[in-house]
Amino acid sequence: MDVQEAGKTIEAMLDLPIRYIDRSRAYYLALGYDNPYRWAHNRDVPFAALSKPLASSRNGLLTTAAPFRPDAGDQGPWGPYNAAAKFTEAYSMPIDPPPDLRISHVGYDRKHTSAEDINTYFPLQQLKEAAATGRVGELNTRFYGVPTLRSQRQTAERHAPRVLEMCREDAIDAAILVAT
């Protein structure tokens, strides 16, 4: 085997999918939980087909990004994971002026990725442009934040109903979730 073939073999060996489910189960066991993480399983899927075209709909943006809090430590693009920046309740904020949102409270590959471009995790500008050109209908004047607390029960019983209530208050036809 020559050097090029060896290089291709090594590259192929390293180019494997990340076994996310296995890693999550092991992580929960390492944290001391008595059993591995159980993924959500919903018999009734809580989604519905649009009753009118997206271009005629009132659209809401949902995010798991957190509002910047100066007192919560480093929340910058290359900053480390920061649990202090987490939020625990669903929230809403106006889309104008554009909010200062960060994702330092969630786990992502910080070695190869940064959070320098807010449009990668909060595409507000792109949605405004799509609404201006008629590709999507009206964009709601506020967006909604959903916590990422790893609790299916809290998501199903507390946060999702609260966000649904806010969407109904705003007469939202379609909700676009951009999870980080």
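Note that the coordinates shown come from a computational prediction; the quantities given were computed from them, not determined experimentally.
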With a 4.5 Å limit on heavy-atom distance, are the side chains of V106 and Y121 in contact? no
Does R135 come within less than 4.0 Å of E129, counting only side-chain N to carboxylate O? no
Which heavy atom of T88 sits nearest a heavy atom of R158, and at what distance? O-NH2, 3.4 Å
For the side chain of Q75 and the backbone of N82, is there at least one donor-acceptor N/O pair under 3.5 Å apart? no
Are side-chain heavy atoms of W78 and R110 found at a separation under 4.5 Å? no
Please find the pair of heavy atoms, one from A55 and one from G134, that lie closest to each other, and give the distance. CB-O, 3.4 Å
Quick one, L149 and H159 - any side-chain contact, counting heavy atoms below 4.5 Å? yes
Rounded to the nearest 0.5 Å, how far does CG of D170 lie from CZ of R168? 12.5 Å
Any ion pair linking R162 and E165 (charged N to carboxylate O, less than 4.0 Å)? yes
In sequence, state the C-alpha distance, the side-chain angles, and the governing distance for D96 and K128, and then conclude on salt bridge (Lys or Arg N to Asp or Glu O under 4.0 Å). CA-CA 11 Å; D96 286 312; K128 285 181 175 181; 2.6 Å; yes
Side chain of S57, backbone of N59: donor and acceptor closer than 3.5 Å? no
Is the shortest side-chain N to carboxylate O distance from E169 to R142 below 4.0 Å? yes
So, taking the atom named CD in E157 and the one named CZ in R153, what distance separates them when rounded to the nearest 0.5 Å? 5.5 Å
More than 12 heavy atoms of other residues, nucleotides or ligands under 6.0 Å from OH of Y33: is that the case? no
Exercise: do T64 and T148 side chains pair donor with acceptor under 3.5 Å: no
Is there a side-chain contact between P147 and E89, using heavy atoms and a 4.5 Å cut-off? no
Given the side-chain rings of F87 and H105, with only the six-membered ring counted for Trp, is the space between their centroids under 6.0 Å? yes
What's the shortest heavy-atom distance between A175 and L62, and which atoms? CB-CD1, 3.5 Å
Find out whether I176 and L127 are in side-chain contact, i.e. whether some heavy atom of one side chain is under 4.5 Å from a heavy atom of the other. yes
With the threshold set at 4.0 Å, does a side-chain nitrogen-carboxylate oxygen contact exist between K52 and D173? yes
Do you know which two heavy atoms are closest between A66 and A85, and how far apart they sit? CB-O, 3.5 Å
Distance check, rounded to the nearest 0.5 Å: Q126 atom CD versus L139 atom CG? 11.5 Å
Would you sort out whether I118 and L101 count as a side-chain contact (heavy atoms from CB on, under 4.5 Å), showing the intermediate values? CA-CA 8 Å; I118 191 172; L101 301 177; 4.3 Å; yes
Output the distance between atom CD1 (I172) and atom CE (M166), rounded to the nearest 0.5 Å. 11.0 Å
Evaluate the side-chain proximity of V146 to Y91: yes if any heavy-atom separation is below 4.5 Å, no if none is. no
Can you give me the closest heavy-atom contact between T155 and P161, atom names plus distance? O-CD, 3.9 Å
Closest non-hydrogen contact found for A65 with I103 is CB-CG2, 3.9 Å
Measure the shortest side-chain to side-chain distance between F143 and T63 over non-hydrogen atoms and say whether it is less than 4.5 angstrom. yes
Hydrophobic clusters here meaning ILVMFWY residues chained together by side-chain heavy-atom distances under 4.5 Å, can you tell me if L177 and V136 are in one? no
State whether R102 and D74 are salt-bridged, where the test is any N-O pair (Lys NZ or Arg NE/NH1/NH2 against Asp/Glu carboxylate O) under 4.0 Å. no
Shared hydrophobic cluster, Y144 / V178 (ILVMFWY, side-chain heavy atoms < 4.5 Å): no
Counting only heavy atoms not in D34 (residues, nucleotides, ligands), do more than 12 fall under 6.0 Å from its CG? no
I'd like to check P99 versus F68 (side-chain heavy atoms, cut-off strictly below 4.5 Å). Are they in contact? no
